[in-house]
Amino acid sequence: MTSAATGQAGQVSRRTFITLSVMLATIMQALDTTIANVALPHMQGAMGATQDQISWVLTSYIVAAAIFMPLTGFISARIGRKRLFMWSVAGFTVASMLCGAAQSLDQIVLFRLLQGIFGASLVPLSQAVLLDTYPPEKHGSAMAMWGVGVMVGPILGPSLGGWLTEYYNWRWVFYINLPFGLLAWFGLAAFIEETKIDASRRFDLLGFALLSLGIGALQMALDRGESQNWFASREIVIETALMVMAFYLFVVHIFTHKHPYIEPALFRDRNFSVGLVFIFIVGIILLATMTLLPPFMQGLMGYPVIDVGYLLAPRGVGTMFAMMLVGRLSGRVDVRILILLGLLLTSLSMWEMTLFNTDIGSWDIVRTGIIQGLGLGFIFVPLSTITFATLAPRYRNEGTALFSLVRNIGSSIGISVVITYLAQRTQMNHEVFASYINPFNMALHQSGEIAKLDTVKGLVELNGEVTRQASLLAYLQDFRLMMWVSLCAIPLVLLLKSPRRDGSTGEGVPLLD
């Protein structure tokens, strides 16, 4: 074997170990976005907390991660990407152990806050490392592997969390991060090279403060809006006003400051800007349906929590299959066609879900889940590839952080929208259905249910059935809303600039294939 062949084999081996290490860190962080959700009732009982109080276990993590994610670019420039990555993995792992050992609500909220701070950089750093590790023609395959962790983690989180909580203890949803964290840390230490340190990079404190205030106010408003009756609450009005003011001042600031917190030049790249809008929509779809299906299956269909997890798991299998297929098709098929196919598959699955009823079988849930998983897989990998196709390498750390941040914000907004819409439509549907419960309704006479109008017990039974049917229709209306969101994203495909076959762009920046 020649020295050149030996060197090439060594480089491939090194890339493999880097990919494994990065994937472990990505999966660890992605799992924690949803794995704790199903364990909340158990935590609530152990901590003696109310429903509002225990929700801070989720809120503290989301808010901290959202605020500190944009810091990734600055910190990696000042201390080095490898050093930041290793500290983030170590801090996230330790914080996870502390969450599992927490003895009070105050402790677990504090430790989840730390978990969010350290975990904020993991996903954008993993994406940036893979983009720099693989040559441009392999970026599609690299993003496919990276996307498996980012997309499948949140989907499998409830299944794994439900299983650990059911057969072990809620604390294991945090302890499970220890082996992932240790393996990832040693892999990063052994195989990743340090990047150059830019000591001249200055920290824009005002820009960070404005962006943090805007993101924090947005997340708080989204998290507490439903429980506080949205804009009927002074708290939500204040948080919304703070958000609008902070984001406006931040935009003005970055275009007028000499060393802004986020470089405006990032947004001059058309693919990157359109990609941010696209990933925002993907974020809405990804977790919104995962938020709706568990209560639909448990509340209306009577599935136990462990079965819900098993039936939702094939969605992740569909996503993984699509991502692996896209990795092989990378460079051979126009990525815009793959994105379009993904949107159509996602819309098809949503349309099929609008036909659900309480008598559907398990296969209907699994089948639509696989189709939606395939659709999201066909969207995410090509989108992650083409978004950074024309972006200069020096902007990758900041760009990947913004990409992940916008996806997370989309998920937060999507969850709030579908939960609010569900509550509103349930009330409206109940009012309409209840209007048909009267002595003049011939259907009641023919079914023999008319007698129930004369007793309190009968009225209670009728009201229960009306509420059940109103809730069912509200879920179907929510699925229809998500279908229209998917379809409305299709015109964005036309705004993406397709990579040229010669690997160049009109802007002089190498493309991905």
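Only this structure's heavy atoms are used, side chains among them; waters, hydrogens and symmetry mates stay out.
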Colleague: Does Ile337 reach the side chain of Leu341, with side-chain heavy atoms less than 4.5 Å apart?
Modeller: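 Side-chain contact under 4.5 Å: no.
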
Colleague: Side chains of Leu182 and Trp185: closer than 4.5 Å at any heavy-atom pair?
Modeller: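 No, their side chains stay 4.5 Å or more apart.
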
Colleague: Kindly give the heavy-atom pair with the smallest separation between Ala120 and Ala65, and that separation in Å.
Modeller: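 Closest approach of Ala120 to Ala65, heavy atoms only: CB-O, 3.5 Å.
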
Colleague: Write down the atom of Gly410, the atom of Ile284, and the distance for their closest heavy-atom approach.
Modeller: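 So the minimum-distance heavy-atom pair works out to O-CG1, 3.2 Å.
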
Colleague: Show the atom names and distances, to 0.1 Å, of all donor-acceptor pairs under 3.5 Å that link a side chain in residues 469-476 to residues at least two apart or in another chain.
Modeller:
{"residue": "Gln469", "atom": "NE2", "partner": "Glu465", "partner atom": "OE2", "Å": "2.8"}
{"residue": "Ser471", "atom": "OG", "partner": "Thr467", "partner atom": "O", "Å": "3.0"}

Colleague: Any side-chain heavy atom of Leu178 within less than 4.5 Å of one from Met97?
Modeller: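 Yes; the side chains approach each other to less than 4.5 Å.
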
Colleague: List the atom of Phe388, the atom of Gly399, and the distance in Å for their closest heavy-atom pair.
Modeller: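 It is CE2-C, 3.6 Å.
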
Colleague: Can you measure from CG (Leu376) to OG (Ser486) and round to the nearest 0.5 angstrom?
Modeller: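 Separation between the atoms: 8.0 Å.
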
Colleague: With side-chain contact (heavy atoms from CB on, under 4.5 Å) as the test, would you mind laying out the steps for Met353 and Phe296 before giving the verdict?
Modeller: CA-CA 11 Å; Met353 290 166 70; Phe296 174 81; over 6 Å; no

Colleague: What I'd like to find out is whether the side chain of Leu311 reaches to under 4.5 Å of the side chain of Val366, using heavy atoms alone.
Modeller: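 Yes, side chains in contact.
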
Colleague: How far does CD1 of Ile117 sit from CZ of Phe92, to the nearest 0.5 angstrom?
Modeller: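 One gets 12.5 Å once the value is rounded to the nearest 0.5 Å.
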
Colleague: Quick check: does any side chain N or O of Asn177 sit under 3.5 Å from a backbone N or O of Phe180, one acting as donor and the other as acceptor?
Modeller: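 No.
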
Colleague: Angle between ring planes, Tyr175 versus Trp172, binned at 30° and 60°: parallel, tilted or perpendicular?
Modeller: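 Perpendicular.
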
Colleague: Are Phe321 and Ile370 close enough that some pair of their side-chain heavy atoms sits under 4.5 Å apart?
Modeller: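 No, too far: nothing below the 4.5 Å cut-off.
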
Colleague: Return the set of residues passing salt bridge (charged side-chain N to carboxylate O under 4.0 Å, His left out) with Glu352 (not counting sequence neighbours), or none when no residue passes.
Modeller: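 In terms of salt bridge (charged side-chain N to carboxylate O under 4.0 Å, His left out), with neighbours along the sequence ignored, Glu352 is linked to Arg367.
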
Colleague: Under 4.5 Å between any side-chain heavy atoms of Tyr61 and Leu113, yes or no?
Modeller: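 Result no, sub-4.5 Å side-chain heavy-atom pair not found.
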
Colleague: Would Met350 and Leu487 satisfy side-chain contact (heavy atoms from CB on, under 4.5 Å), going step by step from the backbone distance to the final call?
Modeller: CA-CA 10 Å; Met350 294 294 182; Leu487 290 174; over 6 Å; no

Colleague: With rounding to the nearest 0.5 angstrom, report the CG to OG1 distance, Asn271 to Thr387.
Modeller: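 Going from the CG atom of Asn271 to the OG1 atom of Thr387 covers 7.0 Å.
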
Colleague: Testing the basics here: between Asp364 and Ile360, what is the closest heavy-atom pair and its distance to 0.1 Å?
Modeller: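 Here Asp364 and Ile360 meet closest at OD2-CB, 3.7 Å.
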
Colleague: Quick check for you: to the nearest 0.5 Å, what is the distance between Leu402 atom CG and Phe272 atom CZ?
Modeller: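 If I round to the nearest 0.5 Å, the distance is 5.0 Å.
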
Colleague: Short question: side chain of Arg270, backbone of Leu495 - any donor-acceptor pair under 3.5 Å?
Modeller: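 Present.
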
Colleague: For Ser121 and Ser88, work out which heavy atoms get closest and say how close.
Modeller: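 Heavy atoms only, the tightest pair is CB-OG, 3.9 Å.
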
Colleague: Considering only residues two or more places apart or on different chains, which pairs with a residue in residues 412-422 satisfy salt bridge (Lys or Arg N to Asp or Glu O under 4.0 Å)?
Modeller: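 Matches after skipping sequence neighbours: none remain.
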
Colleague: Quiz question: by atom type and distance under 3.5 Å, do the side chains of Gln477 and Arg480 form a donor-acceptor pair?
Modeller: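 No, because no side-chain N or O of Gln477 sits under 3.5 Å from a partner of the opposite role on Arg480.
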
Colleague: Which heavy atom in Pro382 sits nearest to a heavy atom in Ile339, and how many Å separate them?
Modeller: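 Shortest heavy-atom contact: CB-CG1, 3.7 Å.
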
Colleague: Return the CH2 to OG1 distance between Trp351 and Thr346, rounded to the nearest 0.5 Å.
Modeller: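 One finds 15.5 Å between CH2 of Trp351 and OG1 of Thr346.
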
Colleague: Look up atom CD1 in Ile281 and atom CD1 in Ile413, then write down how far apart they are to the nearest 0.5 Å.
Modeller: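 Result: 11.5 Å between the selected atoms.
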
Colleague: Does some side-chain heavy atom of Met482 sit less than 4.5 Å from a side-chain heavy atom of Tyr421?
Modeller: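 When only atoms from C-beta onward are counted, Met482 and Tyr421 do not touch, as no gap falls below 4.5 Å.
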
Colleague: Please step through side-chain contact (heavy atoms from CB on, under 4.5 Å) for the pair Leu98 and Phe174, ending with a clear verdict.
Modeller: CA-CA 8 Å; Leu98 292 173; Phe174 299 111; over 6 Å; no

Colleague: Give the C-alpha distance, both sets of side-chain angles, the deciding distance and a yes or no for side-chain contact (heavy atoms from CB on, under 4.5 Å) between Arg468 and Leu300.
Modeller: CA-CA 7 Å; Arg468 184 166 172 267; Leu300 295 180; 3.9 Å; yes

Colleague: Side chains of Thr368 and Phe356: closer than 4.5 Å at any heavy-atom pair?
Modeller: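 Side chain of Thr368 against side chain of Phe356, heavy atoms only: contact under 4.5 Å found.
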
